Amino acid sequence: MRSLLRSSLGNVVAFFVLQPASHRKLVTQAIAPPLYLRKMMHYQTEERGHPNSPNYRIYFKTSEGKFISPFHDIPLYAETKQDNDVPPKKMKKSELLFNMIVEVPRWSNAKMEIATKEPLNPIKQDLKKGKLRYVANIFPHKGYIWNYGALPQTWEDPNHTDKDTKCCGDNDPIDVCDIGTLVCLPGQVIQVKVLGILAMIDEGETDWKIIAINSEDPDAQSLNSIEDVRKSRPGHLEATVDWFKKYKVPDGKPENQFAFNGQFKDKDFAVEVIKSTHEHWKALVQKLTNGGEIKCKNISVCESPFKCSADEARDVVQSAHAFGNALPVSPEVDKWHFL
């Protein structure tokens, strides 16, 4: 069993290898100081199963060792109460930060995602027809071109028709593209500043893509809107649309479509979409709507009938496969596709 400690505060990411006490080591990786100083929770991840296999899972737990659901227990907003339980001062709108759960690091191919239909919603690699999914390298791109993940405590309700896209939600947490320069790790929880949003239509479903930047990124202070991205990073937004349009074509599927003629909407529009998906999540976790096969087990949502004890959560993780050696990855994953 191996445990990885991710610091949401951003100063240090620490990696623990669970060995006998006499051999236990702690390695720290220093990264840039946070641009927004705020009290954050620290999250750890625990790997189970064999990497690059269908049984591989990344579970989440608090710094106190309590296992949690990243989907339901990690707060959407990065602000937390102060030590005396006094709510933090209201921040300027431009400084509003959200927690992002990184599922896929930039330049990697494995389609890792929050397992919404498993208890405690660990990160796993998606399967298609029983085989592990990897996104194709469509020239000139290598794998994912941003850190890719999701905002916790959001849900794109498949029973709700969006008034703008005229399509229902895709039954997942809302997706995020972190366009920062720092390459993250699967399961890392970072704080991001929202810049805009893209409305992808995937097989008739609304699949919003939030464009954001890691608050610790060197460019975070200078990027405050989608127009800032357009001006300072020529071609980045166009490459993002192109990537989402074509990434399923090598699998024999048609190009994805977009609402608003593929144009990005601004930050204010994006925040309203996030708030809407947060309300849909509240209804889901309170059992006020039909969530189908989605698992809502959590340890912290007081009004949720799915709330469980820390012991029950631990039992879920202990029932998973023991951590083992990584399996080899097919060289086909590195193949170029020219479209």
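In what follows, every heavy atom counts, from backbone to side chain, and hydrogens, waters and symmetry copies are set aside. Just so you know, residue 1 is the first one in the sequence shown, and it goes up from there. No experiment lies behind these values; they were computed from the predicted model shown.
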Single hit among Ile197, Thr277, Val271 for side chain to side chain contact (heavy atoms under 4.5 Å, CB included) with Ile210: Ile197
Side chain to side chain contact (heavy atoms under 4.5 Å, CB included), paired with Glu156, selected from Asp207, Asp172, Asn171, Asp162: Asp207
Taking NZ, NE, NH1 and NH2 as the nitrogens, is one of them in [X] or [Y] under 4.0 Å from a carboxylate oxygen of the other?
X      : Y      : value
Lys253 : Glu203 : yes
Lys166 : Asp164 : no
Glu312 : Arg314 : no
Glu46  : Lys61  : yes
Asp178 : Arg106 : no
Arg57  : Glu47  : no

Partner residues of Val135 under the side-chain contact (heavy atoms from CB on, under 4.5 Å) criterion, sequence neighbours left out: Asn109, Tyr144, Trp243, Tyr247
Asp73 vs Ser300, test: side chain to side chain donor-acceptor pair (under 3.5 Å). Steps then yes/no. CA-CA 6 Å; Asp73 288 310; Ser300 65; 2.5 Å; yes
Enumerate the side chain to side chain donor-acceptor pair (under 3.5 Å) contacts for residues 317-333, please, sequence neighbours excluded, ordered by first and then second residue. none
Would Lys265 and Phe260 count as a cation-pi pair here, with the cationic atom under 6.0 angstrom from the ring centre and within 45° of the axis? yes
Quick test of your reading: applying ring-ring contact (aromatic ring centres under 6.0 Å, His included), list the pairs with at least one residue in residues 158-180, sequence neighbours left out, ordered by first then second residue. His160-His280
